[in-house]
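A short write-up of the structure that comes next.
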Amino acid sequence: MSRSAPTAITCRDVRVRFAAGRDVLCGVDLDVPAGSVVSLVGPSGCGKTTLLRCIAGLQRPTAGAIDPLPEAVAPGTLAYVFQEPALLPWLDAVRNVMLPLDLVGRGTPAERRSAAERWLGEVGFGRDDLAKHPGELSGGMKMRVSLARALVTEPAILLLDEPFAALDDLLRTRLTELLLDLHARHPQTMILVTHNIGEAILVGDEVCAIDRGRVGGRVTVDLPRPRLARARGGTAFGHLYEAVSDMLAEAAR
Amino acid sequence: MSRPRPPLALLAVEAVPAAAVAVAVVAFWHFAVGHWRVPAYLLPSPTQVATALWEKRAALGHAFWVTARAAVAGLAAAAVVGTALAILFSQSRLVRTALYPYVLFLQTVPIVAIAPLLITWSGYGQRTVILVSAIIALFPILSNVTAGLLALDPNHRDLFRLYRAGRWPTLLRLRLPTAMGHLALGLRISCGLAVIGAIVGEFFVGRGSDFPGLGAVMDRWLAMGKTDALIAAVLLSSLLGLVMFAAVNLLTDRLLGKYVQGTGE
């Protein structure tokens with residue numbers, strides 16, 4: 001991704017100190033060009049989820065500046081995919097996906113339903129499953145509903161907080177490919193928080209290491225798109241994997 | 001989507017031990033009354049109780065119906081008032097801290113102490129019986145629904161914040177549905193209490209009128225030394241509690257079942 005592309009998200013010296021006096025973010029600077037994907041990798045507790053929550057407006061930074069200000073953008077411009085599917089158990093799949101449109105009051109009920117059904121189709125949901133409740137869906141299916149729910153408002157910025165961490169390897173690969181496919185068809189600015197270096201490289205245009213509340217380094221991913229999960233077997237991928245691993249080791253020092 | 005139910009045959013098998021205990025107790029009761037020559041005013045035999053049940057079936061049936069109506073009305077009133085108060089409590093910590101001690105007062109004050117007061121204010125009638133029943137049934141519903149309204153899944157709360165849902169959409173689309181499982185639990189705890197409340201209410205109301213509820217006829221038969229009829233009425237009160245519990249379970253499963261399911265995680 002070219003550095004000259006307009007910046008969609010800018011973080012300047014973002015700091016977060018929790019009530020107990022623990023510094024979670026200690027001055028993060030981050031630029032995410034419009035339409036690009038930045039992967040944030042780092043060990044547990046390094047602050048990557050807190051940074052994502054700050055960008056989403058779910059956590060107020062103690063200091064620093066974030067542009068766009070979450071409260072300044074129209075609701076639905078920012079979407080967030082949680083670590084768990086976080087579906088409402090009393091609503092069926094379609095109603096869960098319609099929820100953001102209901103909350104922001106966009107479209108007529110019929111339009112909301114049709115948008116929800118379309119997005120469920122985009123994430124590979126069969127028509128027979130539309131009326132199923134979360135309790136009747138597998139972990140992978142629930143995560144697909146969660147993705148469709150995030151995309152239904154057609155957000156300019158999609159924030160993903162380790163969305164596939166709880167899934168097995170096979171499902172994880174499938175859903176990562178789905179994410180790549182969705183991004184190819186509906187390009188939006190994305191930040192992916194992950195533990196998984198391979199996933200970070202495969203999805204990202206840039207991989208940022210976060211360690212102890214700071215950006216510890218950046219690696220640009222120049223793999224051509226569209227990408228498939230089997231790109232992991234290539235030499236270029238291997239070099240990138242090594243580079244990101246070295247960067248993480250360096251950041252941890 | 002409902003919980004898989006055990007087939008009828010399995011239910012029958014599960015009922016066998018309980019039925020065996022009942023048969024054993026009745027048999028021992030029958031034997032003991034005859035063997036130790038227990039006077040009937042102290043403990044009539046099971047057959048005497050059964051005879052009283054049959055002879056007074058009209059009065060008992062009517063009493064059962066009157067008490068059932070009052071207990072259902074009391075439980076319904078407690079559900080409506082309890083849920084409304086819980087909504088109020090969930091909206092502000094200040095309201096919660098200001099009113100909670102008084103709700104605790106309602107829970108801790110002995111109902112037999114305030115029943116005469118309630119009669120003074122509300123008269124010797126069904127209204128007072130419903131009031132006593134509702135007061136006893138209120139607390140479990142109120143405390144459970146309040147807990148449910150406040151116990152949101154953090155991700156769900158974040159989701160609603162992300163789309164800047166205001167107080168009312170959050171209440172209607174998230175808090176209340178989340179609390180429905182707690183309401184079901186509260187109703188299950190309270191349905192037995194509502195029956196107790198109705199009977200206690202009728203005890204007092206029956207002393208100043210010819211009120212026909214189970215509590216009132218029990219008090220009357222106690223005074224007249226009709227222990228056989230009194231025991232028959234006690235058995236019917238227990239039956240009423242069981243019927244209420246079964247009905248509430250069935251209703252909450254049907255109406256609130258989808259809210260009581262797991263979180264889908």
Side-chain angles (χ1 to χ4, degrees), chain A residues 49 52-53 55-60 70-93 95-106 131-139 141-143 145-146 149-150 152-153 155 157-159 161 163 166, chain B residues 1-5 79 83 86-87 90 93 144-145 147-187 249 251-265:
Chain A
T49 292
L52 205 66
R53 289 175 59 80
I55 294 169
L58 299 173
Q59 167 84 47
R60 194 174 283 279
E71 53 271 33
V73 298
T77 309
L78 275 163
Y80 198 104
V81 180
F82 300 92
Q83 286 180 20
E84 287 91 32
L87 305 179
L88 302 186
W90 53 89
L91 300 181
D92 63 21
R95 288 244 159 226
N96 262 294
V97 176
M98 283 168 72
L99 182 73
L101 297 175
D102 293 339
L103 292 178
V104 302
R106 198 186 292 175
K132 284 188 176 164
H133 282 74
E136 300 168 287
L137 298 172
S138 66
M141 293 287 264
K142 279 186 268 197
M143 203 26 103
V145 179
S146 176
R149 179 180 64 188
V152 76
T153 57
I157 296 170
L158 180 62
L159 307 170
D161 183 10
Chain B
M1 187 173 65
S2 66
R3 217 175 302 154
R5 294 189 174 284
T83 305
I87 290 173
S90 73
R93 182 185 292 268
N144 272 290
V145 177
L149 289 169
L150 295 174
L152 295 184
D153 178 317
N155 284 335
H156 291 162
R157 192 171 33 209
D158 282 347
L159 184 74
F160 275 66
R161 281 176 60 200
L162 189 74
Y163 295 106
R164 287 192 227 138
R167 185 180 284 257
W168 288 107
T170 307
L171 176 68
L172 295 176
R173 289 177 181 273
L174 182 61
R175 286 191 190 276
L176 275 174
T178 302
M180 285 301 112
H182 297 75
L183 173 63
L185 182 65
L187 283 171
N249 264 310
L251 262 177
T252 50
D253 264 12
R254 283 276 165 87
L255 300 178
L256 308 177
K258 64 177 177 175
Y259 301 103
V260 185
Q261 301 297 325
T263 61
E265 303 307 341

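Reckoned from all heavy atoms, side chains included, excluding hydrogens, waters and symmetry mates. Each chain gets a letter, A, B and so on, in the order the sequences are listed, and its residues count up from 1.
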Interface moiety of Val145(A) toward chain B, non-hydrogen atoms closer than 4.5 Å = neither

Does a side-chain heavy-atom distance below 4.5 Å link Tyr80(A) with Asp158(B)?
-> no

Are any of the side-chain heavy atoms of His156(B) and Pro89(A) separated by less than 4.5 Å?
-> yes

Which atoms of Arg149(A) approach chain B - backbone, side chain, both or neither, heavy atom under 4.5 Å | both

Roughly how far apart are Leu78(A) CG and Arg164(B) CZ, rounded to 0.5 Å?
-> 8.0 Å

Give, as side chain, backbone, both or neither, the part of Ala79(A) having an atom under 4.5 angstrom from any heavy atom of chain B.
-> both

Look at atom CZ of Arg95(A) and say whether more than 12 heavy atoms of other residues, nucleotides or ligands are closer to it than 6.0 Å.
-> no

Under 4.5 Å from a heavy atom of chain B, the part of Leu91(A) involved | neither

Please look at Thr77(A) and chain B and tell me whether the side chain, the backbone, both or neither of the residue comes under 4.5 angstrom of a heavy atom of that chain.
-> neither

Listing, residues 173-186 of chain B side-chain donor-acceptor contacts under 3.5 Å, not counting sequence neighbours, or none:
unit_1	atom_1	unit_2	atom_2	d
Arg173(B)	NH1	Asp102(A)	OD2	3.4
Arg175(B)	NH1	Leu149(B)	O	2.6
Thr178(B)	OG1	Leu174(B)	O	2.6

To the nearest 0.5 Å, what is the distance between CG (Leu162(B)) and CG (Leu159(A))?
-> 8.0 Å

For the atom pair CG (Leu103(A)) and CG (Leu159(B)), what is the distance rounded to the nearest 0.5 Å?
-> 7.0 Å

Determine the minimum heavy-atom distance between Tyr163(B) and Pro100(A), stating which atoms define it.
-> CZ-CB, 3.5 Å

